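Below, chains carry the letters A, B, ... as their sequence lines are ordered, and counting in each starts from 1. Note that this is a predicted model, so its numbers are computed, not measured.
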4 protein chains.
Amino acid sequence: MSNCCDKREEIFRAALELIAEQGFHGAPMAMIAERAGVAAGTIYRYFENKDALIVDLFHEIDDKIGAVIMQDYQQAKPLRERFHHIFTTLARYFVNHPLHFRYIEQFHNSPYGVEFKRDILQRKTGDCHIYRDLLEEGVVQQVIKDLPMPILFALAFGPLKVVVRDHILGFVALNDELIDKLMAACWDGIRR
Amino acid sequence: MSNCCDKREEIFRAALELIAEQGFHGAPMAMIAERAGVAAGTIYRYFENKDALIVDLFHEIDDKIGAVIMQDYQQAKPLRERFHHIFTTLARYFVNHPLHFRYIEQFHNSPYGVEFKRDILQRKTGDCHIYRDLLEEGVVQQVIKDLPMPILFALAFGPLKVVVRDHILGFVALNDELIDKLMAACWDGIRR
Amino acid sequence: MSNCCDKREEIFRAALELIAEQGFHGAPMAMIAERAGVAAGTIYRYFENKDALIVDLFHEIDDKIGAVIMQDYQQAKPLRERFHHIFTTLARYFVNHPLHFRYIEQFHNSPYGVEFKRDILQRKTGDCHIYRDLLEEGVVQQVIKDLPMPILFALAFGPLKVVVRDHILGFVALNDELIDKLMAACWDGIRR
Amino acid sequence: MSNCCDKREEIFRAALELIAEQGFHGAPMAMIAERAGVAAGTIYRYFENKDALIVDLFHEIDDKIGAVIMQDYQQAKPLRERFHHIFTTLARYFVNHPLHFRYIEQFHNSPYGVEFKRDILQRKTGDCHIYRDLLEEGVVQQVIKDLPMPILFALAFGPLKVVVRDHILGFVALNDELIDKLMAACWDGIRR
DNA sequence: AATGAATGAGCATTCATTCAT
DNA sequence: CATGAATGAATGCTCATTCAT
């Protein structure tokens, strides 16, 4: 019984590592299985096929990040403080879970990712709604520039994505101080 | 002679279209050859292997963009005007050449891209030097925030990348007015 | 005990259905087990392996058909009446048990089937002896053509096999009248 | 150029042998390739996939048989002589090409075969029309019993199929004399 | 130079069978 | 006895690359 979850977890871990580090190309099922310490066929007891494994793993990570952000998120706090919370929590999460960040990037840059984004747009589903709610509230309060949502989103979080990438590749060394400065600059970008 | 360049050009065009639209997965050499109107083996007369083709094509595009930006770039103009020029030229280029944008994205999100960025860091080569020079000048003049270069870079151009992506996927409709507003916001992000 | 036989029976039923309808390809052990309402491993308590299951199931069916024919078979009746009995009993059985017919066909058209027929020839075993006795008696009595047994057999029952197949696939609609006519024609084929 | 046809021919030959002798199960693509003296991937230059190879090979054989029968077939001859021609030509062809016979049997006893027969019924296509025309003509002339076509067909050619099978498996030794007797008996079966 | 047929390693997936519980 | 998770060999198919013409 504990075995059950262990195996699934191990497969997730193996897939995460390989895909994050080598891309989808560098992660054949046999290699995932080997690294997970299971037989190749075993993966198919837990996931219908490779696509399902990839999508499930993404949602796993996505949910985890959503949970981390929601934890300690206080709706009552002022807008800027809430932005600070989300931004720094996200930044620290990625710094502490570089594989998760790399995986998400790989995922979004693949047929799966585009499909997924299209779904979000249509069904208005997904976890982005916190970000969106925050930004929309700011627009209404005339604290944040009146621009289309995708543009505000890009201004608020686009730089973070690039910087985390550079951090992971060793081009910058992110720390709490730098994250704060980055956050402040992004706030300058979106505030009126 | 013209034949020579035509073939190479056709191979480039075919590879660009297929990779930009379908990703590396959807662009087997045989398909590239077919779309280019040449035999599969012919590609290997012009490029050592698939990797070389991909890298060369990236540099081709990268150089073209660099040229477009340098054209009409006036070193004598004030900092903000130069930033405006670079930003809007880049934005319009991507809007007008979505395949180039998609290709660059695919490239950066692949083993090739990481390798490439590592090279840039080591050899201090690449075309980024205009961007960097501009930003460094701004820092010295105390017009731009005193932050590490990768962070300034991310603030200045990170949002553009995200927005162009959304534009191509149909989530926003970029036009000159919106590009100007985006530019202004990015400037707010980096300026003191 | 009744449990024991139930399980075995269920496995037989599941295998029969799947193999008759989908062929050997469409009947993995796991699927047979699922349809039988037992675990995959359980099958191996009742049958050594898949081959044994297939062969045993064939004999089960074959025996049942033999029994149905022997029931009401009256050795004392005239030759033609006995032929009539066998022929129509067989035809009706197949019409009423299309899965049995399909299974037998699948079986005979497989490595198992050839092996089986070879056994029959060598060991002179099997249930065919009634058919053979009948035909041989007819030859002796000079009622039936003096031809090698396999040829008489083919003339007597070959058409039935083809017609039942067509009936099951929906190409003809067999009924008692048509079965009688078919039988009569086959009798014409073998009688002097 | 001759190479091209050789390869295709070799693949056909290898597939024919393996499938006829071992069934579809015993004929993996790799084994077909090896026996054909080509690489595994080469098969896919000539056939889209395994299914296409199987279906194409069937049509190849089917066409060949149709051609052999049509050659020397004289529409002007009396019914019974034409039946004699078709029957014995068919019989001799199968005796001389046992692999073709086995292949056709395997094919008809597979999803492909059922699909194929369904096509024939619907489109009234295929080469069976000669047989059918002959039988229908006989019915009109009141030389042949007035029975549904599938039944006449089964009476006329069903025994042949069974006997050829037995011949190939070594249970009878067909020769011209025996073929003639078999034909005569089948004629007895269908004639009034 | 150009061709494109041929190659064969590599991949995702299936499934009969085993064995610890 | 029964279970069903785990196994891993086997299969159909793809595709970057080579080389004889």
Side-chain angles (χ1 to χ4, degrees), chain A residues 1 3-4 6-8 11 24-34 36-54, chain B residues 1 3-4 7 24-34 37-54, chain C residues 1 3-4 7 24-34 37-54, chain D residues 1 3-4 6-8 11 24-34 36-54:
Chain A
M1 182 162 290
N3 225 351
C4 141
D6 278 6
K7 285 255 160 68
R8 191 186 162 92
I11 293 166
F24 292 110
H25 252 92
M29 292 299 259
M31 204 180 285
I32 292 174
E34 193 191 21
V38 301
T42 303
I43 298 181
Y44 292 86
R45 290 204 62 75
Y46 295 94
F47 306 95
E48 201 184 326
N49 51 33
K50 195 176 185 180
D51 284 13
L53 166 60
I54 287 167
Chain B
M1 179 164 288
N3 219 352
C4 140
K7 287 245 164 76
F24 292 110
H25 252 93
M29 292 297 261
M31 203 181 286
I32 293 173
E34 191 192 23
V38 302
T42 304
I43 299 181
Y44 291 85
R45 294 236 149 252
Y46 294 93
F47 306 94
E48 199 185 327
N49 51 32
K50 195 177 185 181
D51 285 11
L53 165 60
I54 287 167
Chain C
M1 180 164 289
N3 217 350
C4 142
K7 287 244 164 75
F24 292 110
H25 252 93
M29 291 298 260
M31 203 180 285
I32 292 172
E34 192 193 23
V38 302
T42 303
I43 298 181
Y44 291 85
R45 294 235 149 254
Y46 295 93
F47 306 95
E48 198 185 327
N49 52 31
K50 195 176 184 180
D51 284 12
L53 164 60
I54 288 167
Chain D
M1 182 161 289
N3 225 351
C4 140
D6 276 7
K7 286 254 160 69
R8 190 185 165 93
I11 293 166
F24 292 110
H25 253 91
M29 292 300 259
M31 203 180 286
I32 293 174
E34 192 190 22
V38 302
T42 302
I43 298 180
Y44 293 86
R45 291 204 61 76
Y46 295 95
F47 307 95
E48 200 183 326
N49 50 34
K50 195 176 183 180
D51 284 12
L53 165 61
I54 287 167

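Between C:Glu34 atom CD and E:dT14 atom C1' the separation is 16 Å, expressed in whole Å. Separating the CG atom of A:Leu53 from the C1' atom of E:dT13 is a distance of 13 Å, rounded to the nearest angstrom. In this structure, D:Tyr44 places its OH atom 7 Å from P of F:dT14, rounding to the nearest Å. The CE-C1' distance, from A:Met31 to E:dA9, rounds to 13 Å in whole Å. Here the C1' atom of nucleotide F:dT11 and the CZ atom of D:Phe24 are 16 Å apart, to the nearest Å. A:His25 has its NE2 atom 15 Å from the P atom of F:dT14, to the nearest Å. Rounded to an integer number of Å, the gap from C:Arg45 CZ to F:dG4 C1' is 14 Å. C:Tyr46 has its OH atom 18 Å from the P atom of E:dT17, to the nearest Å.
If you find the closest nucleotide of DNA chain F to B:Ala30 and to A:Ala40, the one lying nearer the 5' end belongs to A:Ala40. Where A:Val38 and B:Glu48 meet DNA chain F, the nucleotide closest to each residue was compared, and A:Val38 sits on the side nearer the 5' end. Both A:Asn49 and D:Ile43 lie near DNA chain E, and the one whose nearest nucleotide falls closer to the 5' end is D:Ile43.
Residues A:Lys7 and A:Tyr46 share a closest heavy-atom pair of CB-OH, 3.4 Å. Taking both residues in full, the closest heavy atoms of B:Gly26 and B:Pro28 are given as C-CD, 3.4 Å, listed atom of the first, atom of the second, then distance. Closest approach of D:Ile11 and D:Phe47 over heavy atoms only: CG2-CE1, 3.8 Å. Summarising the geometry of B:Ala40 relative to B:Ala33, their closest heavy-atom pair is CA-CB, 3.6 Å, with the distance given to 0.1 Å.
Searching all strands for a Watson-Crick or G-U wobble partner of E:dT21 with both distances below 3.5 Å returns F:dA2. In this structure, E:dA1 forms no base pair with any nucleotide, since neither Watson-Crick nor G-U wobble geometry is met with both distances under 3.5 Å. Within the shown strands, F:dG8 is the pairing partner of E:dC15 under the Watson-Crick or G-U definition, both distances less than 3.5 Å.
Listed nucleotides E:dA12, F:dT17, E:dA6 differ in distance to A:Lys50; the shortest reach to its side chain belongs to E:dA12. Listed nucleotides F:dC13, E:dG4, F:dG8 differ in distance to A:Ala39; the shortest reach to its side chain belongs to F:dG8. Which of E:dA16, F:dC13, E:dA12 sits closest to the side chain of C:Met29 comes down to E:dA16. Picking from E:dT3, F:dA6, E:dC15 the nucleotide with the shortest atom distance to the side chain of C:Pro28 gives E:dC15. Residue A:Lys7 places its side chain closer to F:dA6 than to any other of F:dA6, E:dT17, E:dA2.
Note that CE of D:Met29 is 4.5 Å distant from CD1 of D:Ile43, once rounded to the nearest 0.5 Å.
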